[in-house]
Number of protein chains: 2
Amino acid sequence: MDKEKTGEFTIGALARRAGVGVETVRYYQRRGLLAEPQQTRGAYRVYGEAELARLRAIRRAQQLGFSLEEIDGLLALNADRDREHAREAAQAKIALIDSRIRQLEEMRDALAELVDCCRHTSAPSPCPILRALSND
Amino acid sequence: MDKEKTGEFTIGALARRAGVGVETVRYYQRRGLLAEPQQTRGAYRVYGEAELARLRAIRRAQQLGFSLEEIDGLLALNADRDREHAREAAQAKIALIDSRIRQLEEMRDALAELVDCCRHTSAPSPCPILRALSND
DNA sequence: GTAAACCCCGTACTCAAGTACGGAGTCAAC
DNA sequence: GTTGACTCCGTACTTGAGTACGGGGTTTAC
C-alpha cells in the first residue's frame, strides 16, 4: 500500500504528507485530536484527504503558538457561527506572546549589559557576569 | 530550630530566604547543583550563608534564561581565570533569546493579521482565522 | 516463497524543572 | 509529656508533546 490511490493513505504516507511522524499521528488519535478512519484495507487503516487537511490545520495552529488543547477547541469552532470565539482566542494568544517577548527582551538586555561591561574591563579584574551572579 | 542563629538555617528557613521551595532545594542537592552542608544539628542539616548565596546565584542565572545544566557550568567557572568562557556563554544565550524573540514576533504578526482581517469582514462571511487553519 | 518495509497495539520512556506523597523520626513550645 | 511543625528519605508524579519499544501480524517487491 505504498502506491497511493488518490486521497487514500496508510498512516506512514499520511504522516509524510503532513510532515509529522507516525507516532505523532497515533498520539493525536489517542488524545482524540484526530479521528481514526472508518475505512480499512485488511488490517491497515486507510486515511483520506479529510484527515490530511486536519493534520495540516493542527500544524498551522501549532505554528501560530497554540497548544494541542487549544487547537482541539479551535477546530471545534464553526467558521460561520463562532467568529467571536476564534477572534478572542487569537487575541488572548497575542497577549501571551507579547508578554513573553517582553520577558525575553528583559533577559536579553540584562545579559547584553553584562557582556558590554565585560568588554570594557580588563583581564586582571574579575568577570562581571560571574560577579553579577554571586553578588546582591 | 526556627530561631535562626545568624548564618545558620534549616532547609525550610534557607528555602524561604532564597524564595524557593524545600523540595526545590532537595532537588538541587540530588542533582549536585547545591552541596549538602557538612554541619548538622541532631538529625537536621544546617545550612550557611554560602548555600544561601549559591541558591541566589542559581535563581539569578535562571532569570537570565540559563537552564540548571548551564548554571552548573557557569557556577563552576572562576571569575578571574574564565572571563572568556562566561562571556561566550552569555553571548550564546543572547543569540538564542534573540532567535526566540523573532520566532514569537512572527507568530504574533501572523495572528494580528488574522484578527485584523476578522475586524474588517462582517458576520455573514466565515471567520478568517478558522479558514486560515483549514485552507492552504 | 522470501525478505524487508510497514502496520497495529499497548506500554513505557524522554525532556527539564520541579512537586507531592507516605512513612518515620526530630525539634520546639506549651 | 503532648502536639504540631518540621525534617529526612525514597519514590512517584506533573506538565506538554511527543518518541521508542517489543511482539505480532500484514503487505509489497523480487
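Lettering follows sequence order; numbering is per chain, from 1.
Between the C1' atom of D/dG18 and the OH atom of A/Y27 lies a distance of 6 Å, rounded to the nearest Å. Computed from coordinates, the B/R26 CZ to D/dC6 P distance equals 13 Å when rounded to whole Å. Atom CZ in A/R16 sits roughly 12 Å away from atom C1' in C/dC7 (whole-Å rounding). The CZ atom of A/F9 sits 23 Å away from the P atom of C/dA5 (whole-angstrom rounding). Summarising the geometry, the separation between CD on A/E23 and C1' on C/dC8 is reported as 11 Å, rounded to the nearest angstrom. Between A/R45 atom CZ and C/dC9 atom C1' there is a gap of 9 Å when expressed in whole angstrom units. Note: CD (B/Q29) to P (C/dG18) measures 14 Å, nearest angstrom. Whole-Å rounding puts the A/Q62 CD to D/dG18 C1' distance at 10 Å.
When each of B/G12 and A/R31 is assigned the nucleotide of DNA chain D bearing its nearest heavy atom, the one mapping closer to the 5' terminus is B/G12. With the nearest nucleotide of DNA chain C identified for both B/Y28 and A/E36, A/E36 has the one nearer the 5' end.
Not one side-chain nitrogen or oxygen of B/T10 sits closer than 4.0 Å to the OP1 or OP2 atom of D/dC6. Phosphate proximity of D/dT19 to A/T24: present, with a side-chain N or O under 4.0 Å from OP1 or OP2.
Between the base of D/dC6 and the side chain of B/Y44 there is a donor-acceptor pair shorter than 3.5 Å.
Looking at A/I97, A/L96, A/D98 one by one, the single match for side chain to side chain contact (heavy atoms under 4.5 Å, CB included) with A/I94 turns out to be A/D98.
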**Message:** For a side-chain hydrogen bond (donor to acceptor under 3.5 Å, both in side chains) check, start with the C-alpha distance between B/Q63 and A/E106, then their side-chain angles and the critical distance, and finish with the verdict.
**Reply:** CA-CA 9 Å; B/Q63 283 156 7; A/E106 281 167 17; over 6 Å; no
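Using a 4.0 Å heavy-atom criterion, one finds that A/R30 contacts the bases of the nucleic acid, with or without backbone contacts as well.
Picking from C/dC7, D/dT26, C/dA17 the nucleotide with the shortest atom distance to the side chain of A/A43 gives D/dT26.
For B/R81, the CZ atom counts as loosely surrounded, since its 6.0 Å shell holds 12 or fewer non-hydrogen atoms of other residues, nucleotides or ligands.
At least one donor-acceptor pair closer than 3.5 Å links the side chain of B/S67 to the backbone N or O of B/E70. A distance-only check finds no donor-acceptor pair linking the side chain of A/R45 to the backbone of A/E36 [under 3.5 Å].
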